[in-house]
Amino acid sequence: MSGSAEGPAGGALSSVGVRFNGFGLGARAVAGALCGWLCLAGPAIAQQSPLWSPWSSQPSPARPPFGPSPAPPPLQPPLVLLLDGLGVYVENDYVGVSALSRPLRQQGFRTRSDTHFLNKQVGAVPNVVIGHSLGGSTALRFAGDLVRRGKPAPLVITIDAAPGSPSCPVVRCINIHGPGFPDVRGARNIDAWAAGARFVAHAQLPTHPAVEAMILDLTATYMTQWSSAQASRMPEAGTAAPRPKGG
């Protein structure tokens with residue numbers, strides 16, 4: 001009796017178990033196939049889609065900002081360093097090379113004034129150095145220091161450079177001097193008296209109209225060459241970028 005009762009129930013349970021086992025096997029087979037497909041196709045999908053990639057922790061590349069690129073900062077005008085001589089420790093319009101600040105700014109330069117001690121502008125990198133008397137000697141030494149530090153060689157102009165001054169360490173070098181002041185080795189030496197500043201005292205030589213005109217003529221030539229060099233480095237406005245070959 002008990003055997004006949006258990007037979008049908010056991011058969012029914014066995015058939016249900018078989019169906020559930022079959023479903024489980026089928027589900028595992030589907031899951032395994034899906035996992036295999038994702039493992040094989042996932043990296044390829046990740047390479048094709050830059051927006052989502054579970055296999056990479058790298059962020060998506062940044063999109064370029066909208067609108068035109070910001071304009072580069074304006075280029076600063078060239079700098080002239082003016083070094084006065086012994087006893088001229090205040091910038092003025094009457095004695096020394098600091099009196100050249102105003103006309104040089106009118107030519108478009110930036111200017112800085114200092115003494116032959118060079119205690120204010122020791123870290124400056126000027127394009128032009130102008131020195132008078134002991135300031136001329138300092139100008140020559142300062143230009144040599146710039147060259148040794150790998151900086152661009154400045155234009156050097158000295159007026160009555162003091163005796164015992166070193167030779168000029170740069171190619172563009174002019175020394176304007178009156179009687180009693182020696183030539184500077186390596187410089188183009190100009191006789192101030194022969195240039196029109198006859199019987200002019202040493203202290204007033206930098207502000208004499210003939211000497212000032214020579215200096216401003218030299219700096220105007222420098223500014224013209226500098227401006228032309230900067231203009232040649234800038235891309236022409238409205239010039240289209242070259243198209244790549246085959247495109």
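Heavy-atom basis, side chains included; hydrogens, waters and symmetry copies ignored.
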Subject >> ring pair (Phe, Tyr, Trp, His ring centres under 6.0 Å) pairs, two or more places apart, involving residues 184-222 >> reply: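 For residues 184-222: H132-H202, F181-H202, W193-F199.
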Heavy atoms only: give me the nearest [X]-[Y] pair and the separation to one decimal.
| X | Y | answer |
| --- | --- | --- |
| G178 | A192 | N-CB, 4.2 Å |
| R148 | R141 | NH2-O, 4.3 Å |
| N175 | P182 | ND2-O, 3.6 Å |
| S133 | G85 | CB-CA, 4.3 Å |

**Message:** In the structure I gave you, are the side-chain heavy atoms of T219 and M223 within less than 4.5 Å of one another anywhere?
**Reply:**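 No - every pair of side-chain heavy atoms lies 4.5 Å or more apart.
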Note to self: Do L155 and I174 make a side-chain contact, defined as non-hydrogen atoms from C-beta onward lying under 4.5 Å apart?
What the structure shows: yes
With rounding to the nearest 0.5 Å, note down the distance linking [atom1] in [X] to [atom2] in [Y].
| X | Y | atom1 | atom2 | value |
| --- | --- | --- | --- | --- |
| L118 | T138 | CG | OG1 | 6.5 Å |
| T115 | L82 | OG1 | CG | 12.0 Å |
| F109 | L100 | CZ | CG | 11.5 Å |
| I176 | I190 | CD1 | CD1 | 5.0 Å |
| R188 | L218 | CZ | CG | 6.0 Å |

Residue pairs meeting salt bridge (charged side-chain N to carboxylate O under 4.0 Å, His left out), one or both in residues 94-107, sequence neighbours left out, come to D93-R102
